[in-house]
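All heavy atoms count here, side chains included; hydrogens, waters and symmetry mates do not.
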Amino acid sequence: GGTVLTSGDSAVTARGVCWATTSNPTIANSKTVNGSGLGAFASTLTGLTTNTLYYVRAYATSDEGTSYGNQETIEIVFDAPTLTGSTSGNSINLQITDNNTLKEHYEIYSSGYTSQATFVPFNETSGTNANDYGYNGYDGTLGGGAAFINYGRTGGYCVNIGNSYRYVDFGNNYQFKCDSTPFTIMLWVKRNPLSYSNSDILGTNNVGTPGWTMGFGGIGAITNKFVFHFNGTGFGKLAYANVSLGTAWTHLAVTYDGSGTASGITLYYNGVKQTTIVYSDGTVNTGTQSTLRIGNRTIASNVFVGLAEDFRVFDKALDDANILNIYNDGVNEVIATLDSPETTYSVTGLTCGNYSYFARCKVDSSVPTVYSDYSNVYSENLIIAPSNLSGTSTFTGITLTWTDNNTDCTIDGNRVEMYSGSTWTEIADLDFSATTYTNSGLTPNSEYIYRVIAYSGTNEQISGVYVKYTLDP
């Protein structure tokens with residue numbers, strides 16, 4: 001704020017503070033208005049960006065013009081945290097170090113979406129094959145005249161399902177059932193203005209048999225409502241949201257939590273979680289589902305006609321933050337949100353591979369939410385220790401066997417060590433795929449203690465200890 005000491009020959013009609021990221025701000029920049037007349041006043045500056053230097057001046061306006069006070073500078077320092085980590089078995093343990101007082105939560109991100117089973121952007125320029133860049137590798141096949149077209153929502157390519165005969169077929173690899181397996185399905189669509197708004201967008205290509213539908217309803221109370229439906233008796237299990245499909249590019253997503261109920265279905269429209277209403281929670285048809293299609297399907301009377309892109313499937317039910325993140329074209333998964341002062345998080349159940357993580361602080365009580373910069377990226381080449389170490393004995397030898405838990409990754413090798421006296425001694429350095437070793441020339445009826453180490457550079461993961469006796473002659 002400031003203090004207006006004198007007004008000259010004219011009354012002060014407005015007073016306050018103005019600010020900008022360049023020097024000598026004026027009332028043409030951002031400003032507060034804190035009353036009029038002489039005297040002291042206080043100002044609250046809003047909409048500031050963290051870690052940005054602002055120039056600030058008090059001002060007073062009268063009929064004679066505007067006068068300014070001395071220039072000051074302010075900066076809201078919201079430093080990025082530091083992220084470190086360590087490994088333990090098939091887990092990565094993350095540690096956040098942060099000296100900010102301005103914080104309420106920490107968000108931890110993984111680099112990419114490791115749960116993304118399918119990602120089909122439809123960004124090919126020709127042909128009939130739509131590549132799947134997820135870990136499933138379930139490519140789609142364009143049929144009925146569907147074609148790639150340069151009318152994507154961000155200027156790139158998408159797939160044109162421009163009439164009721166066109167479709168993209170993904171075979172019967174996908175078996176989305178109302179069982180204990182959670183999933184997320186999403187895609188972007190743009191409806192042809194001349195087509196049905198109550199259109200089935202994607203689902204299984206069958207009638208009354210096991211399957212599902214995602215689209216916009218065409219019957220009674222669910223007409224033009226966003227619907228996800230597991231086929232079954234009557235309406236099977238069906239949930240809907242009170243939103244309709246317009247003609248602009250629209251992001252649609254559905255999650256299922258594995259509960260076996262219609263209430264386990266949640267619908268999202270343009271990144272926002274909708275109030276999802278259960279219309280039917282009946283019995284669903286069981287058995288093998290037929291092919292998945294976007295566009296024309298034999299059971300659909302009002303098939304989707306328009307454009308589609310970025311079809312994604314995840315092997316879990318994503319949370320609200322990640323649905324919104326993907327809608328905003330985020331490419332990194334929010335894997336955890338910690339309440340300050342909690343600063344540790346363990347990512348468990350991992351397989352071997354390269355993992356990268358980063359974090360940031362945030363203040364949710366601010367509107368809009370205030371974020372720090374992102375931390376450093378912590379990367380780990382995770383290798384998993386051999387398991388199930390066991391063996392068989394002869395009078396003078398022991399043959400060891402173990403399970404290789406790094407078959408999907410490249411490591412340098414496996415070392416076999418034997419405990420002798422008070423130290424571990426290497427007795428063999430084997431290649432990366434080894435799962436057996438015979439230690440010969442041993443003394444009959446004697447105890448031997450072993451372990452196996454999978455290693456990559458200086459990264460070592462050690463198996464459990466195994467004790468075995470040679471045979472007694």
Given 3.5 Å as the limit, does a donor-acceptor pair link the side chain of Arg15 with the main chain of Leu38, or not? yes

Can a cation-pi geometry be assigned to Arg153 and Trp188, taking NZ or CZ under 6.0 Å from the six-membered ring centre and within 45° of the ring axis? yes

Do Asp339 and Tyr106 make a side-chain contact, defined as non-hydrogen atoms from C-beta onward lying under 4.5 Å apart? no

Does any pair with a residue in residues 344-384 pass ring-ring contact (aromatic ring centres under 6.0 Å, His included), and if so which ones, sequence neighbours excluded? Tyr109-Phe358, Tyr109-Tyr374, Phe358-Tyr374

Can you find a heavy atom in the side chain of Asn160 that is under 4.5 Å from one in the side chain of Tyr151? no

Determine which pairs satisfy disulfide (SG to SG under 2.5 Å) with at least one residue from residues 319-381, sequence neighbours left out, and list them in order. Cys352-Cys409

Side chains of Tyr113 and Asn332, donor plus acceptor under 3.5 Å: no

Regarding Thr213 and Asp200, do their side chains bring together a donor and an acceptor under 3.5 Å, going by distance alone? no

Polar side-chain atom of Asp132 near backbone of Phe119 as donor-acceptor pair, under 3.5 Å: yes

Report the C-alpha separation of Tyr157 and Phe122 in whole Å, then their side-chain angles, then the decisive distance to 0.1 Å, and conclude whether the ring-ring contact (aromatic ring centres under 6.0 Å, His included) test is met. CA-CA 7 Å; Tyr157 275 76; Phe122 298 115; over 10 Å; no

Residue pair Thr82 / Asn376, side-chain heavy-atom distance below 4.5 Å: yes

Check whether Lys190 reaches the backbone of Thr247 with its side chain - one donor and one acceptor, N or O, closer than 3.5 Å. yes

I'd like a table of donor-acceptor pairs (distance under 3.5 Å, sequence neighbours excluded) in which one partner is a side-chain atom from residues 85-93, with atom names and distances.
unit_1 : atom_1 : unit_2 : atom_2 : d
Thr87  : OG1    : Gln461 : NE2    : 3.4
Asn93  : OD1    : Ser346 : OG     : 2.7

Kindly say whether the aromatic ring centers of Tyr256 and Phe176 come within a distance under 6.0 Å. no

Take atom CG in Asn70; do more than 12 heavy atoms of anything else shown fall under 6.0 Å from it? no

Validation row: Leu142, Val159 side chains within 4.5 angstrom (heavy atoms): yes

So, is the end of the Arg293 side chain (NZ or CZ) under 6.0 Å from the ring centre of Tyr167 and within 45° of the ring's axis? yes

I'd like to check the side chain to side chain donor-acceptor pair (under 3.5 Å) partners of Thr261; sequence neighbours left out, ordered by chain and number. Ser259, Ser263

Look at the rings of Phe311 and Tyr174 and say which category their plane angle falls in: under 30° parallel, 30 to 60° tilted, over 60° perpendicular. perpendicular

Sub-4.5 Å side-chain heavy-atom contact between Met186 and Ile326: yes

Distance-only, no hydrogens or angles: does the Thr276 side chain make a donor-acceptor pair with backbone N or O of Leu267 under 3.5 Å? yes

Given 3.5 Å as the limit, does a donor-acceptor pair link the side chain of Asn322 with the main chain of Val334, or not? yes

Test item: Leu338 and Thr343 side chains (from C-beta on) under 4.5 Å apart, heavy atoms: no

Any donor-acceptor pair under 3.5 Å from Asn328 side chain to Gly330 backbone: no

Taking the side chain as every heavy atom from C-beta outward, state whether Leu252 and Met214 have any pair of such atoms under 4.5 Å apart. yes

No-hydrogen, no-angle side-chain donor-acceptor test under 3.5 Å, Asn131 and Glu124: yes

Less than 4.0 angstrom from a charged side-chain N to a carboxylate O is my criterion; do Glu104 and Lys362 meet it? no

With sequence neighbours left out, the residues meeting side-chain contact (heavy atoms from CB on, under 4.5 Å) with Leu53 are Tyr55, Thr73, Glu75

Is there a donor in the side chain of Ser111 and an acceptor in the side chain of Ser356, or the other way round, less than 3.5 Å apart? no

Taking Asn29 for its side chain and Thr26 for its backbone only, find out whether a donor-acceptor pair lies under 3.5 Å. yes

Heavy-atom side-chain proximity of Asp281 to Val278 below 4.5 angstrom: yes

For a quick test of your reading: what N or O donor-acceptor pairs under 3.5 Å do the side chains of residues 218-229 make, sequence neighbours left out?
unit_1 : atom_1 : unit_2 : atom_2 : d
Thr223 : OG1    : Ile219 : N      : 3.3
Thr223 : OG1    : Gly220 : N      : 3.3
Thr223 : OG1    : Gly220 : O      : 2.9
Asn224 : OD1    : Ser197 : OG     : 2.8
Asn224 : OD1    : Asn198 : N      : 3.3
His229 : NE2    : Phe235 : O      : 2.7

